[in-house]
Every structure is written in structure tokens, then in C-alpha cells.
Number of protein chains: 2
Amino acid sequence: MASEEDFKFQSFVSERAKQRKPHNFWSNVPKVNNPHPNPIQLIGGLPNYQFFPVDSIDVHLRNEPFSNNDEKLFTLNSVSPDNDNIIDIKTALQYSEVSGINPLLNQIKQFVKRVPRPITNNWDVVCTLGGSDGIGKTFDILINPGDCVLFEEFTFTPVIGLLKERGGIPIPIKIENILENSIVDYATELENLLKNWSTLKPNLPKPKVLYTIPNGHNPLGLAQSIEHKKKIYKLAETYNFIILEDEPYSYLNFDKYNDPNTNFNLTNDEFINSLNPSYKTIDVSDRVIRVETFSKIFAPGMRLGFIVAHPKFIPYYNSSAALFTRSPNGYSQIFLNNTIIQLGGIEGWIKWIIKVRNEYLKRKNVYVTSLINSKAYEKGYLNPIDPNCGMFVPIIVNVKNHKNFNGENFDELMDQFYIKAVQSGVLVVLGRNMTVDNKLSASRSNFIRTAICYVDSHDILKEAVSRLNEATINFFEDTY
Amino acid sequence: MASEEDFKFQSFVSERAKQRKPHNFWSNVPKVNNPHPNPIQLIGGLPNYQFFPVDSIDVHLRNEPFSNNDEKLFTLNSVSPDNDNIIDIKTALQYSEVSGINPLLNQIKQFVKRVPRPITNNWDVVCTLGGSDGIGKTFDILINPGDCVLFEEFTFTPVIGLLKERGGIPIPIKIENILENSIVDYATELENLLKNWSTLKPNLPKPKVLYTIPNGHNPLGLAQSIEHKKKIYKLAETYNFIILEDEPYSYLNFDKYNDPNTNFNLTNDEFINSLNPSYKTIDVSDRVIRVETFSKIFAPGMRLGFIVAHPKFIPYYNSSAALFTRSPNGYSQIFLNNTIIQLGGIEGWIKWIIKVRNEYLKRKNVYVTSLINSKAYEKGYLNPIDPNCGMFVPIIVNVKNHKNFNGENFDELMDQFYIKAVQSGVLVVLGRNMTVDNKLSASRSNFIRTAICYVDSHDILKEAVSRLNEATINFFEDTY
């Protein structure tokens, strides 16, 4: 008999995921009494590790970002010594569990307890092939064709493709004045939408999931306060939907660019307490699924991330992985796990994250300060948003002040601005390309998303501002 | 206007794949005249490589399998010197193309030209996350719900799950006497099936794809001759289906266990000429899709493989990858690519493959010789198949000679045999668990699949035979 709890979580699982049956050709066997205590393994097509051409690997770690003073040298061996926390090459490069290799799963669990800190104990973790894979698999196991998913009206648009592939329908939530106020507040808008759903969205089922980027929002750069999260969570309880929090940027949290109290020597506790609390910290009914990635704090090419979700969901993630990805690759798992150990365990890993965050904060401050000091800002042409978190600085282009603005031609003017920016030598993303529905969001799309993560130095960020300034003045003061 | 060729390949593409639209938020921008020659990149959320904690990596390669005399030491650097063939950490650990990183794609193309040798030039390659991913993506881009795919009646059954996920219908081809004769020959059976399709499979559409494991068949261990392939290919032309050749084992090719001319010092040319020619060597109409993996010749934990297919299919593989996997991980790509370079390029890589093949051949010969010399064989209880290729040795259990055989109870007797094997200390796979339709194949399922790849030494293989012998004699001579 299914318990009440079973029923509750089962009600969110897609038919697609429920119907999957494993094809375990090795396990459909009769029960054996008195099996031999030391059987010889002739079952699987697993090559002995001594067929692997790589015998051992020496890893040189940076002491901090942008330093190649790599004192921290350690070795990945084919067979590990008697330390259950270490992953060896024999294990890493073999076939392995789709959920991730155990020592790494244990590290991740420790990290989740220490940093995002779910309020209940009803959670487990499963590895993914990065953030997009975490989101894609979540839609895979939850979304039936025709199901609705709520999105912030500006979002990381490839996620919409992941949803549509499963037949889901994206529903944008309007977030008026968010950039002007630098505050995320769409609880009222969302409540109205949900209250009046049958009128506003006739023929569509009530939404099953809210997809949100709570920190360092892509492209808006902002973070949700815990007060906002509490209002949204209450709506999730009332209207019974799942919150899917996508958190690639949450550890890159920022002070204001001109904050005199900014501390680049945070202790781990200070750092953790400075973070915006996760939706998991208020998730009393275990309806929040948290997606993390190691792309931003280790490296994107790892293709490694994880999900925190109610344990009832984990088997569905595993069957989705068996069909679409298999295990995360072993190199990334051994490199990450053994790097964490080399750095002194989770506390050492958090220290590395703080170093990464410090460099992003320095970049952000250099960049926003330059923007604030620019002629284009002084003249009211540009309005940079000082982000709370992440790697994106949105910049509002005040097209309403442009002589050719006619009340409607946002797109046309932003095209002209974009052309000036590229001609001046700055490549950016147009805000309107990051909308769920570009018609709905047209009058709020007069911004560009700029990323501070890729360039080699602070000086290049300053040069970028100088070019943006030139482009902006050309745009507002030339006739075109 | 679509050319005739477009039409031909388009007719095989699934509606699912055709309907996909990319969500490239960075590319939907106005055309810019006179762009700046050295633009600053503020577009993507790509962390600068100096945020990656790993600065450099020293790799110790084995000289040959089961040796840890690792003289071949080389370094993976953050930034590579001026060698376009080398992948550096900066590139490998960054976001990268879903199809694979260019230097590695170039190596793979050279390898395909040198070894499987397609007959036409109408092919391209794309990286995958291993063999299963290659097959899964192929079904994804070809199979509409209700489409039929032909399978050898015994097969690697997880593949059926990959097909059913896309709504495909597996149709087994009977292969009578294959084990008894150690020859793969199902052309006549297949021709009858296709000729009489509308009678035999009323209401089902003609098959769109044949899935085949031509070499080191899993679980049958056998290889298809080029003569057999020519017959099958002719049917593919006549009945217009695609051949999906799954080749994880093709380079582990074997002589007979008692061949006095076995050469463990093959030159690269001798080795290549000794291989059973790929379906690609006769693929004049470019209807063969070849799936390879590095799992068996490098390591499974890499999660890396590739597909050889008509160039028209490649964009569909890429959009499938964008939705379900993203890029293969960068560690595997840099380790593989730079290992190949360290070994002297493709010719050096083929030398490594020959070393792996030699060790598998030695294992196979030790194991089959032990089986042939066993009491159980002498008494006619067991009949090992001497495989042409791969890592699996099927062993027929002559249940028809068992005193309790009643003409029908194959499964019951094989269960009893299995129990004896586990009690004697040998873990194996039951043949019936590797059928498309276990009722159809019941009277041919009286075999076990044994894998020679995982154990640590030849002595353990001999011990396994000794235990199997004991189990078999118990099974045939005890009453249960």
C-alpha cells in the first residue's frame, strides 16, 4: 500500500517517468541459497582497470584564482590507500552508479548540510551532468505534455527548450520595475495570476512547477530576499506547486559596489551567514528541488552538478539518467572529490569558493564603479544595476530619453544600440533575447546583459566600460 | 529548396527532432556593419580559465595493459604552446561545442579514415557520451512513436529501453543455430521477415532501422562476415532501412583459441587488415550509422564515444545533445586527445589498441582452452563458443542432456544451473535475460554469457573454469 506521502510525491511524477522499466539483464535471476562467499565476477563487460592507459595523475592546484603558484600538488592513483573518502582511478574510470560515486556523494551531502542547510531531513542528493542536465531531468520526471511551469519573465532561455521538449508550457510572471528598484518582488503579481488562473489562463491546468533563479538571476543579476521567498513559498503551499531553484551563482554573493565594510577575509561561518538563504531553509513540505552545478566554482567542462530533492524523487532521476546520460564522467568526480580532500575537506572547499567569490566581487566593483563614473551614466543614458550575486551586470539603456523614441520602438532602438556597441568593440546580450515572451516583456527589455567572468583582467573591464560609454554617447547623440 | 538528397535523409528524421528550435539568446541579434576588430567579450557566462582550481596535470601512462612501468609522462597545461593538435586545460574545462572539441574531432576523423574506412566521403563524426548515448541519440533523432526497429533476437537489452523511451517497437530476428555453428547468418530469416512483413507484422510499419552488433556480439561473442554484411546491406537497400552498427568491441578481434599462427606482433596494417570490415566499407548509399565508444579501449568512466554518420544527420545529433547531454566532458577529451598525441598520433594510438587486443586474445585463449579441457566439456554438458571478437564467451548448457529435461523446461533448468554456478562461486549472465522476446527465444536461451574482461589475472579465469566445471557436474549429475 502506498502511504499518504507516496501519493503526494507520486502526484507530481510524469507518466513518462512512471512507466519506465529498468532493463537489468544481470539482476533478473533466481534467488540463491548459500552463495559462494568469494565469487568470481564474470558478469559485466567492465574492463579491468589495468586495461586503462592512465596509471596515475599528478594534479597541480592553484592557490587562488589567477595565481599559478601551484604548491598544492597531489596524485590520483590507480588504487587508493585505505581511505574511504578518496576515489581512485580504478573506480573513477570504471562504469559507476548513475547517481554518482559514493565518496563524492558523501562530500556533497556534507556540503548541503553545511551551506544551503535544508530545514527538514527529507532530502537526498544525486549527481548530474551540470545545471542544465539537472533542470532537464527535473522536467523529464515531472512534466507531462500540457503541464504548466511558471518562469520569471526574464530567464535563462535555453531552459524553456528543455521544458518544451517534454511538452510543458512556460508561463511568464511579470516583474515590473525590478531593475529600476533593484529588488525582486513578484509575489503579488504571482498571487494575482494564481488567484485568477482560470480567467487568465483558460484551458490550462494549474501550474505544477515554478522555475526560479533566486541568486544572481540570469539575466537580472539580482537576488531574492528571504522575505520574498517566504511569500512565494506560501503560494507554493496554497496552490500546490514545486519550486525548482536553479542556483549556479548563489555562492558568488556581493556587497554594494561602494560598501565601505566589504570584507575580503570572511571566515567560513561569516561567508555562509552572508548568503541569501535557500528556499530549502524554509521548505517544510519538501517541495523545493535545488539544482547546483560545479561549472562556476570549479569549471564548466567538468559537466558535473547535483540535485537536492525529496528521496522519493531520486529513483526517477536515476532512471532518467540511465536512459539519457548514464553516470557523470569519472574524471570530474575524482578530480573534484580528491581536490576537496586535498584542500582539507568541505571547510577547505568553502575557502576555495570564498576566493572565487572575492575575485568576482572585485571585478563587479571595478566594473560597476567605472560605469557609475562614465559620462553615459552622468548624462542619464545608461543605468547599471549593481548585482547582489553572480556574474552578470544588467545595464538599462534609457531609450525613453532617445530623440527617436516613439513610445513603442524599444526593439528598434535597442537594435541600434547593439550595433553601436559591437562597432565600439563590446559584445553583449540583448535583454529581449532572455524573455519567455518577448511581446509581453517588450517595454522592460531595454537593457543589456553584460558578463564580467570571461575577460582576463580588471583593466579589460575598464576598457569595456570606456567602449560602452563611447557607443552609448554615439547612440544618443548621433542621428542614425 | 530541398534537394533530392535532403529529402532522402529527411525522411528518416523523427518529427521530434525536426521540430526542435535552438534557443540561442546570444545569436538573435541585428547584423552589424564594420564591427570592431578586437571586441571585448561580455556575452557568455564563461568563467575565465584562471578561476579553475586545476592549473596543470601530469599524466603517467602505462606502457601496456597490466604494466605500471609508466615511462610515458606528459603534462596537460592551462594554456598550450603553438600546437593546434593539443588541447589545453583552458579549452577543455571551458564550455565547448556539443559535437566535441576540434583537435579531438580531427583525430577521430583520421582514425575513421584509417581503420573503419567508409567507402564514400559522405560522412562526418560527432562525439557522444559513450556507446549507449550514441544509440539513444540515434533513436531520438530517427524514431517516431510506432516506428519499428529490427534487432538480433539476442542483444544488449538496455538498448531496447532506449528505443521504447522514444516509442519505438523492437522486432527480433530469429537466428537459429547461431551458437551451434559459430556463424552469424540471419540474412534468409530477415529476408523472409521483410518479404512477408504485412502478413507477419500486420498493422506495423516497415522497419526503419536495423540495430546490429556486428563484432563480438553481445551476448553471442560472434562476428559477421563481410559476405553476411553484403546480404544484409542489400536488404537495407531494397527495403530502405538504416543500419545502426554498434561497435564497442570491434578492435578486440580474435583468432581461434588453438590457432598456431596467432601473431602478437601485428603491424598496424596487419591489424587493420585482420579486422572484419565495417558496414561502412560497403555503404554506397550512406545509410549506415556507426557508433563507437572509448569505454573498452580507454576506459568506461570517460563517458566518451563517437558516431560516424551522413553529414545531414549531424545537426540533429547536435540539437539532441543540446537538450539531453550538452558537451562531452572536457577531461575525457583532453586526456584522450593528448594521450593520442603523446603516443605518436593515430598510428601510436592503434599500437595501444593492438596491445589491449593482445591481452584480451590471451585471456580468451586461456579461458576457452580451460573450458575445452574440462570434464564438463568432455562429458558433453557444456559447449563454449570460441568468440571472434570482444569480451564475452557464451557457453551453451546442454540442458537437453539433463535427466529432467521435458522438452520445454529450459528456463527451469537454466535457473537450477545458475544456482549451482553461484554456489560454486561464479557469477554469470543468463542468456534468456538478453533476449528481445524471451518466449520467442526460449529454446535457444540455454546458454550463459561470461565476461573475461574484469578479473585480475589469467589464473582467476582458470579458477573460474574449475568452478564452472564443478557447478556443471553437480547440475547434471545430482538430483535436485
Side-chain angles (χ1 to χ4, degrees), chain A residues 23 25-26 28 30 32 35-36 39-43 45-48 50-53 55-62 65-66 68 70 92-95 157-158 161 165 299-301 303 323-325 329-332 356 391 415 419 422-423 425-429 433-434 450-451 453-454 464, chain B residues 23 25-26 28 30 32 34-36 39-43 45-48 50-53 55-62 65-66 68 70 92-95 157-158 161 165 299-301 303 323-325 329-332 356 391 415 419 422 425-429 433-434 450-451 453-454 464:
Chain A
H23 281 259
F25 56 82
W26 56 90
N28 178 21
V32 180
H36 192 283
I40 297 172
Q41 179 61 265
L42 303 180
I43 291 188
L46 291 69
N48 189 285
Q50 294 188 81
F51 282 111
F52 307 160
D55 179 41
S56 67
I57 300 166
D58 303 326
V59 184
H60 302 257
L61 292 184
R62 294 178 196 281
F66 294 82
N68 41 20
D70 41 47
L93 292 195
Q94 191 53 272
Y95 292 103
T157 47
E165 180 64 29
R303 308 314 310 139
L323 284 164
F324 294 109
T325 59
N329 78 90
Y331 282 115
S332 295
V356 173
M391 40 181 60
D415 274 357
I419 289 168
V422 176
Q423 287 173 336
V426 187
L427 303 180
V428 301
V429 172
N433 284 345
M434 308 208 67
T450 62
C453 45
Y454 186 67
Chain B
H23 281 260
F25 57 81
W26 56 90
N28 179 21
V32 180
N34 308 314
H36 191 284
I40 297 173
Q41 178 61 266
L42 303 180
I43 291 188
L46 290 71
N48 189 285
Q50 295 188 79
F51 282 111
F52 308 160
D55 178 41
S56 68
I57 299 166
D58 303 326
V59 184
H60 302 257
L61 291 183
R62 294 178 195 282
F66 295 83
N68 41 20
D70 40 47
L93 293 195
Q94 191 52 270
Y95 292 104
T157 46
E165 180 65 27
R303 308 314 310 139
L323 284 163
F324 294 109
T325 58
N329 77 89
Y331 282 116
S332 294
V356 172
M391 38 182 60
D415 273 357
I419 289 167
V422 176
V426 187
L427 303 180
V428 301
V429 172
N433 284 345
M434 307 207 70
T450 62
C453 46
Y454 187 67

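Within the 4.5 angstrom heavy-atom criterion, atoms from both the backbone and the side chain of A464(B) approach chain A. Interface remark: E165(B) contributes side-chain atoms only to the contact with chain A (heavy atom separation under 4.5 Å).
Among all heavy-atom pairs drawn from F51(A) and P65(B), the shortest one is CD2-CB, 4.0 Å. Across all their heavy atoms, L46(A) and C453(B) have their closest contact at O-SG, 3.4 Å. Scanning all heavy atoms of the two residues, the minimum distance from L93(A) to A299(B) falls at O-CB, 3.5 Å. Nearest heavy atoms, I57(B) versus H60(A): N-CD2, 4.3 Å. Considering every non-hydrogen atom in both Q94(A) and P300(B), the closest pair reads OE1-CG, 3.4 Å. For H36(B) against Q423(A), the heavy-atom pair with the smallest separation is CB-O, 3.4 Å.
Ranked by heavy-atom pairs under 4.5 Å with chain A, the first of D415(B), V356(B), N34(B) is D415(B). Ranked by non-hydrogen atom pairs under 4.5 Å with chain A, the options I419(B), T450(B), V428(B), N329(B) are led by N329(B). The greatest number of non-hydrogen atom pairs below 4.5 Å with chain B, out of V422(A), D58(A), V32(A), is found for D58(A). Heavy-atom pairs under 4.5 Å with chain B peak, among P30(A), P47(A), P53(A), at P53(A).
Residues satisfying the ring pair (Phe, Tyr, Trp, His ring centres under 6.0 Å) test with F52(A), not counting sequence neighbours, are none. Contacts of N433(A) classified as side-chain contact (heavy atoms from CB on, under 4.5 Å), with partners at least two apart in sequence or in another chain: L430(A), F25(B), N28(B), V29(B).
Between F324(B) and F324(A), the two ring planes are parallel [angle under 30°; tilted spans 30° to 60°].
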Criterion side chain to side chain contact (heavy atoms under 4.5 Å, CB included) on L427(A) and W26(B), from CA distance to verdict: CA-CA 9 Å; L427(A) 303 180; W26(B) 56 90; over 6 Å; no
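Between Y454(A) and I43(B), the closest side-chain pair of non-hydrogen atoms is not below 4.5 Å.
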